[in-house]
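Have a look at the structure below before the remarks.
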There are 2 protein chains.
Amino acid sequence: MTRVLLVEDDPALARALALTLRSRRYDVTVARDGGAALRDASSARPDVVVLDLGLPDVDGIEVIRSLRTWTQMPIIVLSARDGQRSKVAALDVGADDYVSKPFGIEELLARLRAATRRIAPENGESVVIAGDLVIDLAAARVSRSHVNIRLTPTEWHLLEVMVRRRGTLVTRADLLREVWGPAYEKQTNYLRVYLAQLRRKLEADPSSPRHLITEAGLGYRFEA
Amino acid sequence: MTRVLLVEDDPALARALALTLRSRRYDVTVARDGGAALRDASSARPDVVVLDLGLPDVDGIEVIRSLRTWTQMPIIVLSARDGQRSKVAALDVGADDYVSKPFGIEELLARLRAATRRIAPENGESVVIAGDLVIDLAAARVSRSHVNIRLTPTEWHLLEVMVRRRGTLVTRADLLREVWGPAYEKQTNYLRVYLAQLRRKLEADPSSPRHLITEAGLGYRFEA
DNA sequence: CTACAGCATCAAGAATCCGTCAAGGAACGA
DNA sequence: TCGTTCCTTGACGGATTCTTGATGCTGTAG
């Protein structure tokens, strides 16, 4: 289910939009101001952000800028202002799309579909095979020698990030940011603990891993 | 330079847009109808398509659909029709963005920037080949004669800086500043130690290096 | 021929990083 | 409510990496 973070200060509009989106099977979180938006973006880990530029506390442009310091998640901007200026500014600091009020709900839905479609085909093939491991990214399943393996949510999230970038180095900061959020970039001990757990579950010989490789001082790498 | 395929049947508008885009250092190809658009998209290999929906021969929606059968290049739709329907239809068959006429040129430029920013990280040609050395800057890997080589963080950082500026001299101060920080600009002995280590790991004959060249009195240079 | 400067090499102690274990606490479902 | 699962946190030994100083090499100038 696609997770949407809706940032909207007008309670009536927020309610209406959330209702419609939920009826289309989106998982919606609502934030009422910029502060809450930044907090929720890092805690709820949405797939897309729908952001109203007119917020009570901080400028919407600033919210976009803050988000873009640590994440590439798609941001769709809503705005009553019809001026070119805010439109250009929003897109330039990293927004992906812009919808002017008044807008039809169908247009917003179409843009949501377009935004999520863009992030979906990150790696086309969703089943990755590495030795006797089979990792299905779409279905969120892992098996070893045809036996299903249970992973906790955090374990899975970590594995997913590494597998999507298989073959390449993923820095510790990248992993921590992706899985735990930008506030945890320094908690490298989390990685130690979870990598050990993943290795115990996935590797034939956890003490000499063949897939979950440590790049000392830099980060980790998933090898197929 | 970013290549733009502009699909626009109105000659006046096409001229005006092409002129503006070229003044902003885009490489513009103009197609006057849907057929030409499809042909040019496959021959000119643009980075982005700007497509007017109102074409003389085929429906713009069909053009998008055809393009999407073989390419994921960003498509920005222009349209005089202000109806929700064509907007939704265009986005749903795979357009990335939609701009309603009349639009400001600044808005189009902003959307172009947003579209190219999305594809940018894919294009980074990051593999450098130097003799039997293969250096993948994105994946942070080095191999010699197809054998993987382990580098420590500092070794890698140093090599990365030199490879990114391959062929040109990199002064000692530049290297020290990049890798160890501005406070270490005088610690030239670090360079001696680490260059020796890199040569031992990367060069066939470390005592007569072919890639990691010393420029006496100045600095070092990476040769491919 | 000798002195010297600049660079290469080597080795060893210091600092940092990694894997592992275990325990306490939070969240969740029955 | 209770029990289970999952997440967080701290500690420790061992391995890796960084730093530092000493020593060797080479070409140039006096």
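Any value given below was found using the heavy atoms of this structure, including those in side chains, with hydrogens, waters and symmetry copies removed. Here is how names work: the chains are called A, B, and so on, in the same order as the sequence lines, proteins then strands, and each is numbered from 1.
Per the geometry, CH2 belonging to B/W156 stands 20 Å off P belonging to C/dC17, to the nearest Å. For A/E215 and C/dC18, the CD to C1' distance is 13 Å, given to the nearest whole Å. Rounding to whole angstrom units, CD of residue A/Q197 and P of D/dT5 are separated by 14 Å. The nearest whole Å value for the distance from the CG atom in A/L218 to the C1' atom in C/dT16 is 14 Å. As rounded to whole Å, 15 Å separates atom P of C/dC7 from atom CD of B/Q187. Per the geometry, CG belonging to B/D205 stands 13 Å off C1' belonging to C/dA8, to the nearest Å. Rounded to whole Å, atom C1' of D/dC6 lies 14 Å from atom CG of A/L198. Rounded to a whole Å, the NE2 atom of B/H157 is 17 Å from the P atom of D/dT17.
The salt bridge (charged side-chain N to carboxylate O under 4.0 Å, His left out) test with A/R111 is passed by exactly one of B/D96, B/D92, B/D97: B/D97.
Residues B/R141 and A/E223 are paired through a salt bridge, judged by an N-O separation under 4.0 Å between the basic side chain and the carboxylate. By the 4.0 Å N-to-carboxylate-O rule, B/E178 lies too far from B/R172 to be salt-bridged with it. Using a cutoff of 4.0 Å between basic side-chain nitrogens and carboxylate oxygens, A/K201 and A/E155 are scored as salt-bridged.
Annotation for A/R113: atom CZ counts as buried by contact number, over 12 foreign heavy atoms lying within 6.0 Å.
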Contact state string [nucleotides 19-30 of chain C, B base, S sugar-phosphate only, - no protein heavy atom under 4.0 Å]: BB----------
B/Y190 and B/T154: CA distance, side-chain angles, deciding distance, side chain to side chain donor-acceptor pair (under 3.5 Å) verdict: CA-CA 10 Å; B/Y190 285 18; B/T154 308; over 6 Å; no
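At D/dT17, none of the side-chain N or O atoms of B/T154 fall inside 4.0 Å of OP1 or OP2 (strictly under the cut-off). Side-chain nitrogen and oxygen atoms of A/W180 include none within less than 4.0 Å of the OP1 or OP2 phosphate oxygen of D/dC7. In terms of phosphate contacts, B/R150 brings no side-chain nitrogen or oxygen within less than 4.0 Å of OP1 or OP2 of D/dT16. Listed pair A/Y194 / D/dC7 meets the phosphate criterion, a side-chain N or O lying under 4.0 Å from OP1 or OP2.
At least one donor-acceptor pair closer than 3.5 Å links the side chain of A/R22 to the backbone N or O of A/V28.
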